[in-house]
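Here's the structure we're looking at; comments come further down.
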Protein chains: 2
Amino acid sequence: MRRSSEDTKASILAAARERFAADGYDRTTIRAVAADAAIDPAMVMRYFGNKEKLFAAAADFDLQLPDLEGVPGDRIGATLAAHFVERWEADEALMVLLRTAVTNEEVAGRMRAIFAGQLGPMAATLSGDPATAARRAGLVATQMLGVALCRYVLRLPPVVEMTREEIAAWLGPTLQRYLLGSPQ
Amino acid sequence: MRRSSEDTKASILAAARERFAADGYDRTTIRAVAADAAIDPAMVMRYFGNKEKLFAAAADFDLQLPDLEGVPGDRIGATLAAHFVERWEADEALMVLLRTAVTNEEVAGRMRAIFAGQLGPMAATLSGDPATAARRAGLVATQMLGVALCRYVLRLPPVVEMTREEIAAWLGPTLQRYLLGSPQ
DNA sequence: CTTGTTGGTCAACAACTGTTGGCATAACTA
DNA sequence: TAGTTATGCCAACAGTTGTTGACCAACAAG
C-alpha cells in the first residue's frame, strides 16, 4: 500500500511545526523538515507551494480564551494565568509564532492581530470601559508573553522551575489588577 | 587624510548594532553591515574576525540597575519599572540580544547570565530572603522582558502608545509585589 | 495490456552566504 | 627618494538555500 497524500502532508506539517517551534523561521530549512518527515524536499514544495505557505500552515493559532462566566470575580486573573500556561504547553503553534515574530514583521503583525482581536474584546467585556480596554489587554499581553518568553524560549531557570500553580498564584493578582483595577 | 582604523572599526560596529537590533543575527549579513558602513565586506572580517565575534562586540550589554538606596520603600517597583524602560530606549544592545536570543541558544545563555547575575542579587538584597530571591527575580524578568517584547519588538499598539510614566505607574505595584510581597 | 493518475525521487539551477588571498594605494619613515 | 606599512578593494571559493523540471514506480480503469 502506498501512503495517502493526506498522511504525508500531515507528517510534513508535524515536522515543520517542530522545526519552526524549535529554530524559528530562518534557521528552519525545507531540507531539514523533509528529512524529519522522511521524504524528499521536493514533496514539501509540491504540497505547500513554498516556505512561506508552509509556515502559514504550521502557525495556525488560536488563544482559545476560556469562558469566564461563573468564575468568581476575584479569581479571574488566576484562572486566566493558568489557562495561558496550559495553552502554551498544549500547542507548539505559539512557539512557532513567537520565535518568528521577533524577526519577521509580517508574523509580528499576525501576533498583533491575535492579541488585539482576542484579548481586546475580553478586556472590554470585563472592565466595562471601552476607553481603557485596549490598554488593559496590552498590559495582560506584556505579562503573559513575558512568561512565555522567559519560560519556554529563554528558559530562565527560576521561571522554568515554577509549577503552573505557582505561576497562576503569582500572576493572578497582576492580571486581575490590569483587567479590573487601577494603576495604584 | 586616510580614515583611521579606529574610526572604521567604530562605524562598522555602529552599523552592526543597528542591523542586529533591527533584523536579528540570521537576517543580518556581513555584506549589509559593510554597505551601511560604506566599506568592503572584507574589512569587517579583518577587523572582527568573523560574524560571531562581530555580534559579540555589538551585543555588549549591562542592565545598569539603579542604586535603590534612599528610594521610599513603596516606590521601589515604580522606580525600577521606569529605569528599565529608560534603559531599553537608551541602548540598542538590549534589542540586539533579545532579537537573537530567541533563536540562538548561546545568546539565550548570555541573557540568562545577565538576569541571574544582576537581577538575582538585587532581589536577594531587597527581599532579605535568599530562598525566594531567584524566583522573585525571575518574576520581575517575565514582566520587564514582556514589556520589551510587546513595546519594541512586536509593537502592540496599546503598549507602544503608553508613556513611560504610565508604564511605571501600572507596573510599579507589580514589581513591588514580586520583589517584596506574597502571591496573594 | 495499455493508459492515466498519483505519490515519490533525483539532479541540478541560481542566488546568497561567510570567508579568504591577492593586489592596489596612500601615508609614514629612514 | 626608496621602502615599509596600514588601510582598503576586488574577485573568487565553497557551502547552503529555496526552488524546479525531468524522470520513476505503483496502482486503478479501460
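Below, chains carry the letters A, B, ... as their sequence lines are ordered, and counting in each starts from 1.
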Contact under 4.0 Å: T8(B) side-chain N or O vs dG8(D) OP1/OP2: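 The answer is yes; a side-chain N or O of T8(B) sits under 4.0 Å from OP1 or OP2.
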
Apply side-chain contact (heavy atoms from CB on, under 4.5 Å) to [X] and list each qualifying residue two or more places apart in sequence or on a separate chain.
| X | result |
| --- | --- |
| R17(A) | L13(A), A58(A), E92(A) |
| D26(B) | D26(A), R27(A), T103(B) |
| A32(A) | R19(A), T29(A) |
| D62(A) | Q64(A), Q118(A) |

More than 12 heavy atoms of other groups within 6.0 Å of R75(B) CZ: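 Atom CZ in R75(B) is not packed in, count stays at 12 or less.
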
Whole Å only: how far is the [atom1] atom of [X] from the [atom2] atom of [N]?
| X | N | atom1 | atom2 | answer |
| --- | --- | --- | --- | --- |
| M43(B) | dA6(D) | CE | P | 12 Å |
| I39(A) | dC10(C) | CD1 | C1' | 14 Å |
| D23(A) | dT17(D) | CG | P | 11 Å |
| K9(B) | dA6(D) | NZ | P | 14 Å |

Contact residues, residues 25-34 of chain A to DNA chain C [heavy atom, < 4.0 Å]: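 DNA chain C contact set from residues 25-34 of chain A: R31(A).
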
DNA chain C contacts made by residues 45-55 of chain A, counting heavy atoms under 4.0 Å: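 Hits under 4.0 Å, by residue number: R46(A), Y47(A).
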
Ring pair (Phe, Tyr, Trp, His ring centres under 6.0 Å) partners of [X], counting only residues at least two apart:
| X | answer |
| --- | --- |
| F84(B) | W88(B) |
| F115(A) | none |
| F55(B) | F20(B), Y25(B) |

